[in-house]
J.: 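This is the structure I have questions about; it appears just below.
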Amino acid sequence: MKILKVLIVLLIVLFLGAIGVYYFGTNMASEKIVDEATEKLDTSGQMENIQSRVEDDPELSGYIEEAKAADESSLPFNSTGQATRVLIQKVGLTELNNIKSGVENGTMSHQEAIQKLEQDLTEEEMLALKVIAYKEIYGKQ
């Protein structure tokens with residue numbers, strides 16, 4: 001009976017540890033990835049290219065205007081860590097990787113990528129992603 005209690009306690013501790021690793025791990029990993037990507041784009045001078053491409057595309061510039069006007073207090077998430085968790089839960093890692101690969105190799109346009117995300121996310125979640133993207137592209141905090 002004592003062994004059973006020890007096993008149950010051990011399983012509970014392992015379960016809670018796994019939840020903690022998932023929660024804090026996705027938060028830390030997403031923040032690190034975004035910070036590294038932003039720094040790399042800034043130092044290489046490509047951030048200005050991205051900004052000008054966004055401003056030249058009427059659809060993308062509309063997203064930026066929508067993000068500027070958004071009330072951040074009503075959004076379902078405000079950080080890249082929270083966004084990462086929602087994307088993993090609702091879209092899935094495999095599908096996110098497929099979208100990323102498709103956009104990178106030119107087999108998928110950014111409109112198609114956005115449509116795929118809109119199928120799995122609510123309007124509020126999409127708006128939150130737009131706000132986070134706006135902040136990252138234009139360095140707003």
J.: Kindly work out whether a path of hydrophobic side-chain contacts (I/L/V/M/F/W/Y, heavy atoms less than 4.5 Å apart) joins V131 to F77.
T.: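 They do not share one cluster, since no chain of ILVMFWY contacts under 4.5 Å joins V131 to F77.
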
J.: Look at the side chain of S74 and the backbone N and O of D71, then say whether any donor-acceptor pair between them is shorter than 3.5 Å.
T.: yes

J.: Would a hydrophobic clustering, with Ile, Leu, Val, Met, Phe, Trp and Tyr connected at side-chain separations under 4.5 Å, put L16 with I8?
T.: yes

J.: Can you confirm whether R53 sits close enough to D56 that some side-chain heavy atom of one is under 4.5 Å from a side-chain heavy atom of the other?
T.: no

J.: Hey, mind stepping through Q119 and V91 against side chain to side chain contact (heavy atoms under 4.5 Å, CB included) and telling me if it holds?
T.: CA-CA 9 Å; Q119 292 172 357; V91 179; over 6 Å; no

J.: Please find the pair of heavy atoms, one from V103 and one from A113, that lie closest to each other, and give the distance.
T.: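 Closest approach of V103 to A113: CG2-CB, 3.9 Å.
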
J.: Which heavy atom of S79 sits nearest a heavy atom of I132, and at what distance?
T.: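 Shortest heavy-atom separation between S79 and I132 comes out as O-CD1, 3.4 Å.
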
J.: Under a single-linkage definition using a 4.5 Å side-chain heavy-atom cutoff for Ile, Leu, Val, Met, Phe, Trp and Tyr, are L87 and I114 assigned to the same hydrophobic cluster?
T.: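 They do share one cluster, since a chain of ILVMFWY contacts under 4.5 Å joins L87 to I114.
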
J.: Considering non-hydrogen atoms only, spot the tightest contact between G102 and N105 and give its length.
T.: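 Closest approach of G102 to N105, heavy atoms only: O-OD1, 3.1 Å.
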
J.: Side chains of E72 and K135, heavy atoms from C-beta outward: is any pair under 4.5 Å?
T.: yes

J.: Verify side chain to side chain contact (heavy atoms under 4.5 Å, CB included) between E123 and E118, making sure each step is shown before the conclusion.
T.: CA-CA 8 Å; E123 288 182 35; E118 286 175 339; over 6 Å; no

J.: Is there a path of hydrophobic side-chain contacts, each under 4.5 Å between heavy atoms, that joins Y63 and L129?
T.: yes

J.: Which residues end up grouped with L11 if you chain together Ile, Leu, Val, Met, Phe, Trp and Tyr wherever their side-chain heavy atoms are less than 4.5 Å apart?
T.: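 Result for L11 is none, singleton.
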
J.: Sequence neighbours excluded, which residues qualify as side-chain contact (heavy atoms from CB on, under 4.5 Å) partners of E104?
T.: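 E104 satisfies side-chain contact (heavy atoms from CB on, under 4.5 Å) with K100 once adjacent residues are dropped.
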
J.: So, the side chain of Q82 versus the backbone of N78: is there a donor-acceptor pair under 3.5 Å, distance only?
T.: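 Confirmed, Q82 side chain pairs with N78 backbone.
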
J.: For the hydrophobic clusters of this structure (ILVMFWY residues joined by side-chain heavy atoms under 4.5 Å, transitively), does one cluster hold both Y138 and L75?
T.: no

J.: How far does OG1 of T80 sit from CZ of R85, to the nearest 0.5 angstrom?
T.: 9.5 Å

J.: Does the E112 side chain pair with the main chain of S109, one donor and one acceptor, at a distance under 3.5 Å?
T.: yes

J.: I'd like to know if the side chain of E125 and the backbone of T122 have a donor-acceptor N/O pair within less than 3.5 Å.
T.: yes

J.: Going through the checks in order, is the side chain to side chain contact (heavy atoms under 4.5 Å, CB included) test met by K130 and E65?
T.: CA-CA 10 Å; K130 293 171 188 175; E65 293 304 317; over 6 Å; no

J.: I need the D120 CG to K90 NZ distance, nearest 0.5 Å.
T.: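 Spacing of CG (D120) from NZ (K90) equals 8.5 Å.
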
J.: Listed by chain and number, what are the side-chain contact (heavy atoms from CB on, under 4.5 Å) partners of D57, not counting sequence neighbours?
T.: E59, L60, H110, Q111

J.: For residues S61 and E55, report the shortest heavy-atom separation together with the two atoms involved.
T.: CB-O, 4.0 Å

